[in-house]
Amino acid sequence: MTVVIAFLANVLVGVAKTVAAFISGSASMAAEAAHSWADVGNEAFLLMADRRSRGGPTEEHPLGYGRESYVWSMFAAIGLFTAGAVVSVMRGIQELFQQESAGDFTIAYVVLVVAFVLEGISFAQAFRRARREAAEVDRDVLEHALVTSDPTLRAVLAEDAAALVGLVIAAGGVTAHQVTGSAVPDAIGSILVGLLLGVVGVVLIDRNRRFLVGQSVPRPIRAQTVAALSSYEEVERVTFLRMEFIGPRQMYIVGSVDLVGDNVESSIAETLRTLERRLEARPSVAEAVLTVSRVDEPAIEA
């Protein structure tokens with residue numbers, strides 16, 4: 001729902017900004033139009049990311065298709081950088097050297113206000129979701145947006161925040177253009193919007209890269225898992241634990257535990273499978289694999 005709202009908002013805003021940029025001749029508005037159309041393409045990638053990542057385990061992909069989400073989100077981040085940032089900077093530089101005559105600025109102001117309202121609605125939806133999830137894991141919203149394993153939430157939140165800041169920059173550029181009669185401030189506004197999108201694009205690319213190559217879970221989640229395993233009456237201690245994200249809010253766990261007593265092999269195998277099923281009962285655990293520790297292996301610290 002968060003991505004759908006962002007997609008619809010950006011389509012409406014993109015059309016309005018394009019018309020306003022054509023009528024007003026504002027470089028900042030042209031940059032904002034490029035920004036919105038880049039966001040439209042990005043939201044399409046994010047919708048694909050959400051759909052493709054829902055595939056369950058198969059023989060060829062035993063851990064499912066969760067990482068598809070990071071692949072398509074990476075495409076969206078690259079699109080934001082190229083179609084948004086590069087186009088906006090180039091448009092601003094072009095305006096510096098080939099200043100066009102100004103048109104009607106009224107439509108630009110109207111579109112900026114409408115765009116701010118629509119982008120604000122989309123941002124509020126994403127922010128509420130991020131705040132709810134952050135509260136569940138005891139993080140602040142900004143920290144959660146950076147470290148969450150859900151790339152679509154991070155992308156929508158970052159893009160909407162950048163859109164709101166970009167609209168303020170564009171408004172300043174349009175106003176300065178109208179007051180001074182010079183297109184230079186407007187062109188600078190276009191360049192600033194492009195640089196803003198570039199920074200956001202680079203951050204999103206880096207975050208998706210981390211999860212694609214294998215991102216370990218945060219320490220608090222690891223500590224909770226160690227504590228959960230140690231609390232089972234069958235477990236003497238936990239000596240090894242590796243946890244990795246394989247998709248949005250989906251983890252793969254490999255661990256070694258020292259079992260209580262000295263049971264026969266068949267009993268040990270059944271006990272380990274029981275412990276694995278307990279872990280896999282958690283919605284965030286896609287698969288867990290446990291082995292028996294050596295006697296001399298020390299317990300790990302949470």
Side-chain angles (χ1 to χ4, degrees), residues 49 52-71 73-74 133-140 143-151 153-154 205-302:
R52 293 294 297 270
S53 65
R54 294 178 182 273
T58 64
E59 184 175 348
E60 293 183 345
H61 298 273
L63 295 179
Y65 291 81
R67 285 196 175 99
E68 284 264 13
S69 181
Y70 305 120
V71 173
S73 296
M74 176 73 84
E133 292 184 5
E136 293 174 356
V137 291
D138 195 25
R139 299 181 188 138
D140 60 53
E143 179 189 7
H144 183 68
L146 288 173
V147 304
T148 179
S149 61
D150 185 350
L153 174 61
R154 176 170 40 252
I205 289 171
D206 178 67
R207 296 310 304 176
N208 283 293
R209 177 192 63 80
R210 291 170 181 262
F211 282 95
L212 277 173
V213 300
Q215 176 72 49
S216 62
V217 304
R219 283 187 174 275
I221 298 178
R222 174 183 167 85
Q224 292 172 8
T225 306
V226 172
L229 274 172
S230 301
S231 68
Y232 296 152
E233 61 181 13
E234 300 93 335
V235 176
E236 181 73 31
R237 66 185 188 278
V238 181
T239 61
F240 174 81
L241 188 66
R242 177 174 295 165
M243 304 175 65
E244 180 181 324
F245 283 113
I246 58 172
R249 296 176 296 278
Q250 289 292 296
M251 297 180 294
Y252 177 58
I253 299 176
V254 177
S256 295
V257 293
D258 182 18
L259 299 177
V260 173
D262 191 15
N263 299 318
V264 298
E265 182 177 348
S266 59
S267 176
I268 291 175
E270 183 61 33
T271 300
L272 290 176
R273 189 65 193 104
T274 298
L275 295 175
E276 291 169 354
R277 284 196 294 265
R278 290 180 189 173
L279 290 175
E280 292 167 353
R282 300 183 175 190
S284 60
V285 179
E287 185 175 345
V289 178
L290 298 177
T291 60
V292 179
S293 308
R294 295 199 313 267
V295 178
D296 60 341
E297 288 182 309
I300 62 173
E301 297 182 2

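Residue numbers run from 1 in the order of the sequence given.
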Student: If we ignore hydrogens and angles and just use 3.5 Å, is the side chain of Ser231 paired with the main-chain N or O of Ala228 as donor and acceptor?
Tutor: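 At least one qualifying donor-acceptor pair exists.
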
Student: Could you check whether any side-chain N or O of Gln250 sits under 3.5 Å from a backbone N or O of Pro283, counting only pairs where one atom can act as donor and the other as acceptor?
Tutor: yes

Student: A side-chain contact here means heavy atoms from C-beta on lying under 4.5 Å apart; do Phe240 and Glu297 qualify?
Tutor: no

Student: Does the side chain of Arg67 come within less than 4.5 Å of Val71's, by heavy atoms?
Tutor: no

Student: How about Glu244 and Leu63: do any of their side-chain heavy atoms sit closer than 4.5 Å?
Tutor: no

Student: For residues Val257 and Leu272, determine if any side-chain heavy atom of one lies less than 4.5 Å from a side-chain heavy atom of the other.
Tutor: yes

Student: Just do the side chain to side chain contact (heavy atoms under 4.5 Å, CB included) check on Leu279 and Tyr232 with the steps written out, would you?
Tutor: CA-CA 11 Å; Leu279 290 175; Tyr232 296 152; 4.2 Å; yes

Student: Do the non-hydrogen side-chain atoms of Val260 and Glu234 ever get within less than 4.5 Å of each other?
Tutor: no

Student: Should Glu270 and Arg277 count as an ion pair when the cut-off is N to O under 4.0 Å?
Tutor: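 Between Arg277 and Glu270 there is a salt bridge, with a charged N closer than 4.0 Å to a carboxylate O.
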
Student: Nearest 0.5 Å, what's the CZ-CD distance between Arg273 and Glu276?
Tutor: 5.0 Å

Student: Does the side chain of Arg282 reach to within under 4.5 Å of the side chain of Thr225, using non-hydrogen atoms?
Tutor: yes

Student: How long is the gap from CZ on Phe245 to CG on Leu212, to the nearest 0.5 Å?
Tutor: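 Here the interatomic distance stands at 14.0 Å.
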
Student: Rounded to the nearest 0.5 Å, what separates atom CD1 in Ile246 from atom OG in Ser69?
Tutor: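 One gets 12.5 Å once the value is rounded to the nearest 0.5 Å.
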
Student: At what distance, to the nearest 0.5 angstrom, does CG of Leu290 lie from OG1 of Thr271?
Tutor: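 OG1 of Thr271 is found 11.0 Å from CG of Leu290.
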
Student: If you round to the nearest 0.5 Å, how far is CD1 of Ile253 from CZ of Arg242?
Tutor: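 With rounding to 0.5 Å, CZ (Arg242) is 13.0 Å from CD1 (Ile253).
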
Student: Are Ile221 and Met251 packed together at the side-chain level, in the sense that at least one heavy-atom pair is separated by less than 4.5 angstrom?
Tutor: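 In short, these two side chains touch, coming nearer than 4.5 Å.
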
Student: Could you tell me which non-hydrogen atom of Ser293 sits nearest to which non-hydrogen atom of Ser256, and how far apart they are?
Tutor: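 Taking every non-hydrogen atom into account, OG-C, 3.3 Å.
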
Student: Within the supplied structure, the quantity of interest is the number of heavy atoms (other residues, nucleotides, ligands) at a distance under 6.0 Å from Asp138 CG; does it exceed 12?
Tutor: no

Student: Nearest heavy-atom pair of Arg139 and Pro218: which atoms, and what distance?
Tutor: NH2-CG, 3.4 Å

Student: Okay, side chain of Arg222, backbone of Val217: is any donor-acceptor separation there less than 3.5 Å?
Tutor: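 No; judged by distance alone, with no hydrogens or angles, the pair does not exist.
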
Student: Do you know which two heavy atoms are closest between Arg237 and Pro298, and how far apart they sit?
Tutor: NE-C, 4.2 Å

Student: Please check: side-chain N/O of Tyr70 versus main-chain N/O of Gly247, any donor-acceptor pairing under 3.5 Å?
Tutor: yes

Student: To the nearest 0.5 Å, how far apart are CD in Glu68 and OG in Ser73?
Tutor: 10.5 Å

Student: Can you name the closest pair of heavy atoms from Asp140 and Glu143 and give their distance?
Tutor: OD1-N, 2.7 Å

Student: Is there a side-chain contact between Arg249 and Asp150 (heavy atoms, below 4.5 Å)?
Tutor: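 With C-beta onward as the side chain, the pair touches.
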
